[in-house]
Amino acid sequence: MLEKFNKPYNSKEVEEKIYKSWEDSGYFNPDNLPFSKTKNQKPKTFSIIMPPPNANGSLHLGHALAIGLEDVIIRYKRMRGFKTLWIPGADHAGFETQIVYDKVIEKEGRNRFEIPREKLFQEILDFTNKNKKIMESQVRRLGASCDWKREKFTLDSDIISKTQDAFIDLYQKGMIYRGTRLVHWCPKHQTGFSDLEIDHEERRDSLYYIKYGSIIVATVRPETIFGDTAVAVNPKDKRYKSLIGKEIEVDVVISKLKLKIIADKIVDPQFGTGAVKITPAHDFNDYETWQRHKNEIDGPREVINKYGKMDLVRHFPESIEAKKYEGLKVLEARKLIVEDLVKKGLMEKIDETYQHNIARCYKCNTAIEPKLMSQWFVKMEPLAKPAINAVKAGKIKFIPERFKKIYFHWLKNIRDWNISRQIVWGIQIPAWQCQDCSFWIINKSNPIKCPQCGSGKVEQDKDVFDTWFSSGQWPPLTLGYPDGADYKNFYPTDVMETGWDILFFWVARMIMLGLYRTKKIPFKYVYLHGLVRDQFKQKMSKSKGNVINPIDMVEKYGSDALRMALIIGNTPGTDSAFSEEKIRGYRNFANKIWQASRFVLINLENFDFKSKPKLSAADKKKLNELVKIKKDISKLMESFKFYAASEKIYHYFWHVFCDKIIEEIKPHLIGKDEQSKRSAQYVLSEILKESVKILHPFMPFITEEIYQSLPNKEKELLMIENY
RNA sequence: GCGUCUUUAGCUCAGUGGUAGAGCGUUUGCAUGACACGCAAAAGGUCGCAGGUUCGAUCCCUGCAAGACGCACCA
């Protein structure tokens with residue numbers, strides 16, 4: 001019976017078997033939990049929706065931390081008698097997966113833009129389904145006690161359908177509109193983005209002072225002069241006051257442009273020359289300036305195409321010089337136009353020390369081109385207000401609290417959300433356009449005929465939703481909103497546990513869309529864990545070669561050790577330094593638990609549990625101390641201080657129980673005094689059982705394995721013991 | 001520009017208005033009847049700097065410095 005304890009703890013021999021016994025027991029499903037069936041009164045429920053890992057690859061340490069923390073919470077609540085539900089999921093991760101797959105097909109010498117839509121979608125679906133299985137098996141290896149029967153994928157048919165419903169509902173209420181406006185466009189990935197997918201990089205560039213007729217303008221993008229439609233000055237600027245409203249003729253090398261001088265507050269008289277060229281097609285501020293002066297000046301003239309190349313000939317067909325620039329990449333064109341301007345004597349000066357920020361694609365670092373596009377936008381202000389109020393009123397609490405401020409700041413300055421993406425991997429937008437009269441029909445199925453002009457030429461929008469538009473509705477959708485039983489029983493959920501890096505991408509949007517759709521908050525607590533970094537606090541990345549694969553660590557040291565290493569000393573919201581050393585330390589702890597259990601079990605072999613022995617004063621004290629420790633730890637668990645709770649039980653088990661209590665008790669075990677021996681045995685058995693319970697949420701595998709050997713166990717599984 | 005965080009032992013981090021804590025690491029001893037993935041000891045800190053509040057500050061307030069980060073952005 002106890003032979004297995006004769007060698008060091010071997011996680012490999014235990015974990016798979018234990019996980020299977022949990023899964024087979026059915027207790028991951030709250031409906032099967034024994035204590036939830038008994039009473040007439042409504043059972044206490046507790047629910048967490050797992051942030052669905054991307055189904056395009058393997059788990060990283062961030063996932064391991066998240067799953068570890070969520071499992072800690074779930075197991076603790078389950079043992080506390082809650083009807084506990086944890087729903088696992090998988091995210092199709094639209095754009096992210098698209099580019100992962102781009103790399104796959106690039107290696108094969110193919111290009112996604114040449115593959116028919118349906119074929120490409122099917123290929124990515126096959127690829128994702130394969131990876132999804134790997135991801136799921138990894139979640140199991142981490143010990144997640146989630147209900148696999150309720151698992152949801154963001155491309156399940158009901159999720160797709162309900163996501164489209166949300167779009168239609170928002171559209172009907174005037175919260176979504178089709179707008180032609182400038183969007184962040186990545187010339188490499190050939191898609192537009194929302195504001196969040198953009199990184200800014202500080203750079204030193206040249207600031208060119210160019211003669212525009214009688215005045216001089218300063219710009220970093222001389223290649224856009226072909227798209228200019230005005231020059232703006234500050235209305236209070238005395239230097240230009242007399243010129244406002246006048247037209248100047250500007251030599252832009254390939255042609256002459258007549259530009260009106262307009263007055264606008266946006267112009268800072270202190271910067272450059274105080275005169276700004278206005279290029280509404282290629283600059284966000286210029287676009288807005290044009291909006292304010294629509295009646296006075298021409299609108300956007302696009303001189304850069306979607307590939308980031310010059311597109312001039314169609315605007316200047318009679319210009320021979322235009323051909324010279326045609327098709328050049330922006331930076332090549334810039335070099336050339338600068339040369340030509342200098343040659344023509346139009347370059348006043350070049351300031352090469354100008355520091356500014358430029359927008360980059362967050363994925364490939366390609367310079368973002370503001371591009372004029374017709375897209376679907378969500379009006380954010382009406383969604384943001386209730387989301388702000390829910391947090392202000394304390395209905396949703398952030399852990400740590402300071403993220404509230406960051407959240408408020410973002411929501412108060414929010415801009416409309418571009419949800420159109422020009423990729424195939426995602427949920428297609430349920431919008432159809434009449435090819436004859438351009439009328440839009442918002443409908444899940446093909447409307448066949450245009451209701452406006454009767455034309456039969458109706459085509460669905462090729463674009464798909466920003467992946468966060470669907471995952472933003474994740475809590476209600478996974479629970480079967482609007483009429484599912486789980487939605488009734490488990491919504492609002494209790495905790496949303498995720499990384500602070502997706503506070504805006506995901507958490508804020510879940511709150512906004514959740515409130516909008518269900519009129520209820522989607523969750524009560526937001527627990528934001530920090531990012532896991534390497535031992536030097538550097539971000540882990542493939543290029544730096546400092547990535548630690550969590551599953552390798554599970555193989556080497558066991559899931560329990562990995563979980564402890566991730567959770568101990570990791571305070572919410574603070575990035576943590578992580579190293580293999582740390583895991584080794586907790587592997588050692590696992591063995592310590594193993595050996596201590598062995599010692600206790602050996603000494604319990606002839607112990608009669610039927611009658612409780614009379615306890616010595618010292619032994620009573622030990623048990624009282626344990627009660628206090630347990631109380632302290634529960635308090636820490638309830639206040640989300642898992643980093644402290646785990647450390648406390650670690651310290652108690654090793655340095656109190658093993659170092660002090662066992663050593664003190666040894667003489668009683670081998671002594672002749674039968675009563676004090678029985679007292680000692682009882683104390684050992686009690687402390688071991690309680691310790692294993694307290695440790696279980698953190699180190700579920702080894703504790704379950706030991707529990708199965710306890711002569712005084714009361715339940716079939718430790719997992720459903722009473723905490 | 002607006003904002004957030006950090007600064008405590010060699011490293012990574014907890015923490016408290018009343019003479020400083022953990023883990024790892026280091027040093028020394030130890031094959032002790034659970035465990036060398038171990039045991040027993042030990043060394044190691046003006047709690048970033050300067051003021052203030054207080055009987056008392058590592059903790060509260062102000063300023064400064066260094067570092068990390070978020071948001072926005074002027075050509």
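Bear in mind the structure is a predicted one, so any value in this text is a computation, not a measurement. Numbered from 1 within each chain, the chains take letters A, B, ... in sequence-line order. Side chains included, hydrogens not; waters and symmetry mates left out as well; all remaining heavy atoms used.
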Please check if the number of heavy atoms outside [X] that lie under 6.0 Å from its [atom1] is greater than 12.
{"X": "Lys635(A)", "atom1": "NZ", "value": "no"}
{"X": "Lys648(A)", "atom1": "NZ", "value": "no"}
{"X": "Tyr525(A)", "atom1": "OH", "value": "no"}

For RNA chain B, what are the stems built from at least three Watson-Crick or G-U pairs in a row, each pair having both distances below 3.5 Å?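 Stem list for RNA chain B: B:1-7 with B:65-71, B:10-13 with B:21-24, B:26-30 with B:38-42, B:48-52 with B:60-64.
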What contact category does Val600(A) fall into here, base, sugar-phosphate, or nothing, at under 4.0 angstrom with non-hydrogen atoms?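 Answer is nothing: Val600(A) stays at 4.0 Å or more from every strand.
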Applying a 4.0 Å non-hydrogen cut-off, can you work out what Arg533(A) is touching in the nucleic acid: base, sugar-phosphate, or nothing? nothing
Ser676(A): which residues meet the side chain to side chain donor-acceptor pair (under 3.5 Å) condition with it, sequence neighbours left out? His668(A)
Which residues pass the side chain to side chain donor-acceptor pair (under 3.5 Å) test with Ser679(A), sequence neighbours left out? Asp619(A)
N/O donor-acceptor pair, side chain Asn413(A) with base C71(B), under 3.5 angstrom: no
Interface with RNA chain B, restricted to residues 216-229 of chain A and to heavy atoms under 4.0 Å: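 Hits under 4.0 Å, by residue number: Ala218(A), Thr219(A), Val220(A).
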Nucleic acid contacts of residues 192-209 of chain A, taken as heavy-atom distances under 4.0 Å to RNA chain B: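 Contacting residues: His200(A).
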Interatomic distance, [X] [atom1] vs [N] [atom2] [rounded to whole Å]:
{"X": "Ile568(A)", "N": "C24(B)", "atom1": "CD1", "atom2": "P", "answer": "10 Å"}
{"X": "Ile406(A)", "N": "G3(B)", "atom1": "CD1", "atom2": "P", "answer": "13 Å"}
{"X": "Asp501(A)", "N": "U4(B)", "atom1": "CG", "atom2": "C1'", "answer": "16 Å"}
{"X": "Tyr407(A)", "N": "C69(B)", "atom1": "OH", "atom2": "P", "answer": "26 Å"}
{"X": "Phe505(A)", "N": "G70(B)", "atom1": "CZ", "atom2": "C1'", "answer": "12 Å"}
{"X": "Phe403(A)", "N": "G3(B)", "atom1": "CZ", "atom2": "P", "answer": "18 Å"}
{"X": "Ile266(A)", "N": "G1(B)", "atom1": "CD1", "atom2": "C1'", "answer": "15 Å"}
{"X": "Tyr652(A)", "N": "G21(B)", "atom1": "OH", "atom2": "P", "answer": "22 Å"}

Would Ser634(A) and Asp632(A) count as having a side-chain donor-acceptor pair, cut-off 3.5 Å?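 The answer is no; no qualifying pair exists.
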Check whether any side-chain heavy atom of [X] lies under 4.5 Å from a side-chain heavy atom of [Y], and answer yes or no.
{"X": "Phe607(A)", "Y": "Pro711(A)", "answer": "no"}
{"X": "Phe284(A)", "Y": "His184(A)", "answer": "yes"}
{"X": "Ser691(A)", "Y": "Tyr652(A)", "answer": "yes"}
{"X": "Ile215(A)", "Y": "Thr273(A)", "answer": "no"}

Looking at [Y] and [X], is there a salt bridge between them, counting it only when a charged N and a carboxylate O are closer than 4.0 Å?
{"X": "Glu352(A)", "Y": "Arg204(A)", "result": "no"}
{"X": "Glu674(A)", "Y": "Lys677(A)", "result": "no"}
{"X": "Glu581(A)", "Y": "Arg584(A)", "result": "yes"}
{"X": "Asp416(A)", "Y": "Lys379(A)", "result": "no"}

Nearest heavy atom decides the nucleotide; on that basis, is Gln355(A) or Tyr586(A) closer to the 5' end of RNA chain B? Tyr586(A)
Ring centres under 6.0 angstrom apart (Tyr407(A), Phe403(A)): no
With the side chain of [X] defined as its heavy atoms from C-beta on, choose the nearest nucleotide among [options].
{"X": "Arg415(A)", "options": "C73(B), C24(B), G70(B)", "value": "C73(B)"}
{"X": "Asn357(A)", "options": "G23(B), C71(B), C73(B)", "value": "C73(B)"}
{"X": "Phe504(A)", "options": "C24(B), C71(B), A22(B)", "value": "C71(B)"}

Among Phe653(A), Tyr9(A), Phe701(A), Phe599(A), find the one that has a ring-ring contact (aromatic ring centres under 6.0 Å, His included) with Trp594(A).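 Exactly one candidate clears the test, Tyr9(A).
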Please measure how far the [atom1] atom in [N] lies from the corresponding atom in [M], and state the result in whole Å.
{"N": "G21(B)", "M": "G45(B)", "atom1": "C1'", "result": "11 Å"}
{"N": "U32(B)", "M": "A40(B)", "atom1": "C1'", "result": "10 Å"}
{"N": "C2(B)", "M": "C59(B)", "atom1": "P", "result": "27 Å"}
{"N": "G44(B)", "M": "C60(B)", "atom1": "C1'", "result": "30 Å"}
{"N": "U12(B)", "M": "U7(B)", "atom1": "P", "result": "12 Å"}
{"N": "C5(B)", "M": "A41(B)", "atom1": "P", "result": "42 Å"}
{"N": "C24(B)", "M": "A14(B)", "atom1": "C1'", "result": "14 Å"}
{"N": "C55(B)", "M": "C49(B)", "atom1": "P", "result": "25 Å"}

Base-contact (B) and sugar-phosphate-only (S) positions in nucleotides 34-44 of chain B, heavy-atom cut-off under 4.0 Å, - elsewhere: BB-BSSS----
In the 5'-to-3' direction, what one-character label does each nucleotide of nucleotides 12-17 of chain B receive under the scheme B = base within less than 4.0 Å of a protein heavy atom, S = sugar-phosphate only, - = no such atom? SSSS--
Name all residues meeting the side chain to side chain contact (heavy atoms under 4.5 Å, CB included) criterion together with [X]; count only those two or more places apart in sequence or in a different chain, and write none if there are none.
{"X": "Ala384(A)", "value": "Leu411(A), Ile414(A), Met512(A)"}
{"X": "Gln538(A)", "value": "Asp534(A), Phe536(A), Lys544(A), Asn546(A)"}
{"X": "Tyr650(A)", "value": "Met564(A), Ile568(A), Tyr586(A), Phe589(A), Trp654(A)"}

Going by the side chain to side chain donor-acceptor pair (under 3.5 Å) test, which pairs reach into residues 223-237 of chain A, not counting sequence neighbours? Tyr212(A)-Asp228(A), Arg221(A)-Glu223(A), Glu223(A)-Arg334(A), Thr224(A)-Lys277(A), Asp228(A)-Lys277(A), Asp228(A)-Thr279(A), Asp237(A)-Arg239(A)
Tell me which one of Arg533(A), His529(A), Lys539(A) satisfies side chain to side chain donor-acceptor pair (under 3.5 Å) with Asp575(A). Arg533(A)
I'd like a list of close polar pairs between nucleotides 6-10 of chain B and the protein, N/O only, cut-off under 3.5 Å.
none

